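The residues of the chain are indexed from 1 along the displayed sequence. Keep in mind it's a predicted model, so treat the numbers as computed, not measured.
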Amino acid sequence: MIHRKNLIKLIEANGRQHGTWQVFSDFVEMAAISLSNAVDRAQSEEREARYLEIVRRYSREEVERFPQMLGELVMELENGPADVLGQVFMEMELGNKWHGQFFTPYEVCRLMAGM
């Protein structure tokens, strides 16, 4: 739980300038690009171009927070499987009912899948 809180603090730090929803979205996309490029080289150039496009919007200090965010996410996942990003999304109140953005808690998803 401490790592999830640290992740939120890092997102909020970058969010002062860019908005927390945008920082959360950029973080998730950049993390996915980084992980994908580590194992799938076929489209790495296109993904890397997108990564650099995102990074250009941030200052050096802000860019340095993104690997810290990923580290906090990974450390939180060390506690066991959980929808950490979903929890962060809801804790930061990033959902938007007008755009159909809702978070279904893991326990509810599991119950529905079992039914």
Side-chain angles (χ1 to χ4, degrees):
M1 183 156 146
I2 185 84
H3 299 293
R4 189 173 75 238
K5 297 291 183 191
N6 290 342
L7 174 57
I8 289 170
K9 286 179 185 176
L10 290 164
I11 292 170
E12 288 173 339
N14 279 9
R16 290 183 199 112
Q17 175 71 25
H18 304 278
T20 53
W21 190 93
Q22 187 62 55
V23 172
F24 179 85
S25 177
D26 287 344
F27 164 64
V28 170
E29 187 174 359
M30 291 166 63
I33 289 170
S34 296
L35 295 171
S36 185
N37 277 355
V39 295
D40 176 21
R41 304 301 295 164
Q43 298 174 353
S44 63
E45 288 183 29
E46 294 88 1
R47 287 189 300 260
E48 190 66 20
R50 174 63 182 147
Y51 184 94
L52 293 173
E53 180 182 328
I54 295 168
V55 165
R56 283 187 199 104
R57 295 191 292 240
Y58 294 92
S59 71
R60 181 182 184 100
E61 180 181 344
E62 292 166 335
V63 169
E64 290 174 356
R65 288 188 187 112
F66 284 101
Q68 294 172 11
M69 291 177 204
L70 185 56
E72 295 294 345
L73 174 61
V74 169
M75 288 189 284
E76 183 69 20
L77 289 168
E78 292 279 326
N79 296 324
D83 184 6
V84 177
L85 292 176
Q87 293 170 342
V88 168
F89 187 85
M90 291 308 292
E91 283 181 44
M92 296 185 76
E93 299 179 352
L94 297 175
N96 183 328
K97 68 179 179 180
W98 304 111
H99 291 115
Q101 297 171 326
F102 297 97
F103 169 73
T104 304
Y106 175 76
E107 294 77 13
V108 174
C109 293
R110 190 169 170 191
L111 174 69
M112 291 170 57
M115 292 170 68

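- By the 6.0 Å contact criterion, CD on Glu45 is open, its count of non-hydrogen atoms from other residues, nucleotides or ligands being 12 or less.
- Taking Arg60 as the reference, Glu64 meet the side chain to side chain contact (heavy atoms under 4.5 Å, CB included) condition, with sequence neighbours excluded.
- Considering every non-hydrogen atom in both Glu76 and Ile2, the closest pair reads OE1-N, 4.1 Å.
- Taking 4.5 Å as the limit, some side-chain heavy atom of Phe27 sits within range of a side-chain heavy atom of Leu70.
- Nearest heavy-atom pair across Arg50 and Glu53 is NH1-OE2, 2.9 Å.
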Could you go step by step and tell me if Asn37 and Tyr51 meet the side-chain hydrogen bond (donor to acceptor under 3.5 Å, both in side chains) rule?
CA-CA 11 Å; Asn37 277 355; Tyr51 184 94; over 6 Å; no
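- Evaluation of the side chain to side chain contact (heavy atoms under 4.5 Å, CB included) rule for Leu52 yields Glu48, Arg56 as partners, not counting sequence neighbours.
- Here the CE atom belonging to Met75 is positioned 7.5 Å from the CG atom belonging to Asn6, to the nearest 0.5 angstrom.
- Residues Tyr58 and Val23 are in side-chain contact: their nearest non-hydrogen atoms beyond the backbone lie under 4.5 Å apart.
- Looking at heavy atoms from C-beta onward, Ile8 lies in side-chain contact with Glu91 at the 4.5 angstrom threshold.
- Ser34 places a side-chain N or O within donor-acceptor distance of the main-chain N or O of Met30, the cut-off being under 3.5 Å.
- Side-chain atoms of His18 and Glu62 form a donor-acceptor pair, as typed in the model, at a separation below 3.5 Å.
- Separating the CZ atom in Arg47 from the CZ atom in Arg41 is a distance of 8.0 Å, to the nearest 0.5 Å.
- By the side chain to side chain contact (heavy atoms under 4.5 Å, CB included) test, Leu35 is found to be paired with no residue, residues two or more places apart in sequence or in another chain being considered.
- Leu10 contributes atom CG, which lies 12.0 Å from atom NE2 of His3 (distance to the nearest 0.5 angstrom).
- Contact check for Glu72 versus Lys9: no side-chain heavy atoms found under the 4.5 Å cut-off.
- At a threshold of 4.5 Å between non-hydrogen side-chain atoms, the residues Asn14 and Met69 count as touching.
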Would you check, one step at a time, whether the test salt bridge (charged side-chain N to carboxylate O under 4.0 Å, His left out) holds for Glu61 with Arg65?
CA-CA 7 Å; Glu61 180 181 344; Arg65 288 188 187 112; 2.9 Å; yes
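- Between Val63 and Pro67, the closest heavy-atom pair is O-CD, 3.2 Å.
- Proximity of Arg57 to Asp26: side-chain heavy atoms (C-beta onward) are separated by under 4.5 Å at one or more points.
- Distance check: Trp21 CH2 to Leu94 CG gives 9.0 Å after rounding to the nearest 0.5 Å.
- Here the straight-line distance linking atom CD of Glu78 with atom CG of Leu73 works out to 10.5 Å at 0.5 Å rounding.
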